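Below is one structure, written out as structure tokens, with a few remarks after it.
Keep in mind that the numbers below use all heavy atoms, side chains included, and drop hydrogens, waters and symmetry copies. Because the structure is a prediction, the values reported are computed rather than measured.
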Amino acid sequence: MPTLAERIREKAKELGFDRVGIVPAVELDTERPRLLEWLARGYHGEMAWMARDPEKRSDPRNLFPPAKSVIVVAMNYFTPHEHQDDIESGKISRYAWGDDYHDVLKSELVSLLDWIRSECPGAEGKVCIDTSPTMDKAWAVRAGLGWLGKHSNVINSEIGSWFFIGEIFLSIDLETDAEAIPDHCGTCTKCIDACPTGAIVEPYVVDSRKCISYATIELRDDEMPANIAGNLKGWLYGCDICQDVCPWNRFETPTSELAFEPRNGETLLQLDAVMALDQESYAERFRRSPIKRAKLSGLQRNARYLKEKSG
């Protein structure tokens, strides 16, 4: 008879997850020093929340005391559409083309946790995506879902790097069989060489303050740093350059999750249309979309810089 862990993996795949790993809920002892060093260098920029609760980020038992096992899942979001260059429009990062992945993953992870509770009465669990103080990429690597690429995204040799990560911290011991996947980046430096702002300051380390994604999504300043403003390369929201050039993404496969298909068939937005939005039309247009993260002021600031560049 299959073990509970085996049945959990099967159920997770039924729910649409492409990869599943189960590991013990222990301290991320080797990853914690790297996190603290990254924070000490100020590479998190104005994302102050990343500096909070490092003890929770590095040990799941500080976030969810009953934790004994961690179920780590990956959900592919790649859809076979291409970005187009249009000086009157701005490009959207691939992850934000469809519905908000937080909603999609949370719904399926909650369903998985409910199923586990039905199979194992008394089990407790906590669902986490990237809004919780957890080190999602570190857990994905530990669970054998892939290796950390030089662009700091997790890469899987069969589906590339276009996937979201989530976890369930569980109060029961589960059989684990996760094996670490060796780093297959080798001597390749395509992501480092392609970054127009030099944000990948060394292999596996990104300085957010130099990153187009950070500047167009998280930065709340009215003005952009000159190095980024002059090198936006048409990006209105986010940036996919380091993943687009990654050789491992030649193995990308289309997702089965329709929620990640581009809304309204759009992979870019007209700049004048963005500038014409008011708060009401913005809220309606981007309801349950990742793009709402930038807020109207940020999205219009980005559009303004792109218009100035094209003009």
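- Of all non-hydrogen atoms in S118 and W115, the two that sit nearest each other are OG-O, 2.6 Å.
- The two atoms that bring G21 and L145 nearest to each other are N-CD1, 3.7 Å, heavy atoms only.
- Ion pairing of K91 with D85 is present here, as a side-chain N (NZ or NE/NH1/NH2) and a carboxylate O approach within less than 4.0 Å.
- Judged purely by distance below 3.5 Å, without hydrogens or angles, the side chains of D240 and S93 pair a donor atom with an acceptor atom.
- Classification of E266 and R263 as a salt-bridged pair fails, no side-chain N sitting under 4.0 Å from a carboxylate O.
- D114 and S111 share no side-chain donor-acceptor pair at under 3.5 Å.
- Side chain of K292 to main chain of S289: a donor-acceptor pair is present (N/O by atom type, distance under 3.5 Å, no hydrogens or angles).
- Aromatic ring orientation, Y77 versus F164: parallel (interplanar angle below 30°, classes split at 30° and 60°).
- Between R301 and D221 there is no salt bridge, since no side-chain N of the basic residue sits under 4.0 Å from a carboxylate O of the acidic one.
- No continuous path of ILVMFWY side-chain contacts below 4.5 Å connects M50 to V206, so the two sit in separate hydrophobic clusters.
- D59 contributes no side-chain N or O that, together with a main-chain N or O of E55, makes up a donor-acceptor pair within less than 3.5 Å.
- Counted by atom type alone, E223 and Y305 present one or more donor-acceptor pairs between their side chains at under 3.5 Å.
- A salt bridge links E218 with R293; the closest basic N to acidic carboxylate O contact falls under 4.0 Å.
- In terms of modelled atom types and a separation under 3.5 Å, the side chain of N231 and the main chain of T197 share no donor-acceptor contact.
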Discussion item. Let's go through E158 and R19 carefully: what are the C-alpha distance in whole Å and the side-chain angles of both, what is the deciding distance for salt bridge (charged side-chain N to carboxylate O under 4.0 Å, His left out) to 0.1 Å, and is it a yes or a no?
Written reply: CA-CA 10 Å; E158 296 179 345; R19 294 292 182 275; 2.5 Å; yes
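- Between E124 and R117, none of the side-chain N atoms (NZ, or NE/NH1/NH2) sits under 4.0 Å from a carboxylate O, so this pair counts as no salt bridge.
- Of the possible donor and acceptor atoms, one in the side chain of K150 sits under 3.5 Å from a partner among the backbone N and O of C188.
- Closest approach of E46 to Y214, counting heavy atoms only: N-OH, 2.7 Å.
- K56 places no side-chain N or O within 3.5 Å of a backbone atom of R61 that could act as its donor or acceptor partner.
- Among all heavy-atom pairs drawn from L236 and T216, the shortest one is O-CB, 3.7 Å.
- Comment: E175 does not engage K68 in a salt bridge, judged by the lack of any side-chain N to carboxylate O separation of less than 4.0 angstrom.
- Exactly one of V72, V154, L28, I155 qualifies for a side-chain contact (heavy atoms from CB on, under 4.5 Å) with V141. That residue is V154.
- Side-chain atoms of Q243 and S161 include a donor-acceptor pair closer than 3.5 Å.
- Side-chain N or O atoms of D18 include one that pairs as donor or acceptor with a backbone N or O of N76 at under 3.5 Å.
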Worksheet entry | Residue pair C185, W147: steps toward the side chain to side chain contact (heavy atoms under 4.5 Å, CB included) verdict | CA-CA 9 Å; C185 286; W147 72 92; 3.3 Å; yes
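- Looking at every heavy atom in both residues, L148 comes nearest to S152 through CD1-O, 3.3 Å.
- H83 and D244 share no side-chain donor-acceptor pair at under 3.5 Å.
- Across all non-hydrogen atoms, the minimal contact from L269 to F286 is CD1-CZ, 3.7 Å.
- Side chain of Q270 to main chain of S89: no donor-acceptor pair is present (N/O by atom type, distance under 3.5 Å, no hydrogens or angles).
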Worksheet item: Which is it for R41 and D207 under the side chain to side chain contact (heavy atoms under 4.5 Å, CB included) test, yes or no, and what are the steps along the way?
Response: CA-CA 9 Å; R41 292 181 179 182; D207 182 346; over 6 Å; no
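- W38 and Y43 have perpendicular rings, their planes meeting at more than 60° on a 0 to 90° scale where under 30° would count as parallel.
- Residues W139 and V73 are members of separate hydrophobic clusters, defined by side-chain heavy-atom contacts under 4.5 angstrom among Ile, Leu, Val, Met, Phe, Trp and Tyr.
- Residues E31 and R142 are paired through a salt bridge, judged by an N-O separation under 4.0 Å between the basic side chain and the carboxylate.
- Judged by the 6.0 Å distance and 45° axis criteria, R94 is positioned over the aromatic ring of W162.
- Between the side chain of E27 and the backbone N or O of D29 there is no donor-acceptor pair closer than 3.5 Å.
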Discussion item. Determine whether E6 and R9 satisfy the following criterion, salt bridge (charged side-chain N to carboxylate O under 4.0 Å, His left out), listing intermediate values before the conclusion.
Written reply: CA-CA 5 Å; E6 290 170 337; R9 291 186 183 91; over 6 Å; no
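- In this structure, F163 has its ring center at least 6.0 angstrom away from the ring center of Y101.
- No side-chain N or O of S69 forms a donor-acceptor pair with one of D173 less than 3.5 Å apart.
- Salt bridge absent: E37 and R34 never bring a charged side-chain N and a carboxylate O closer than 4.0 Å.
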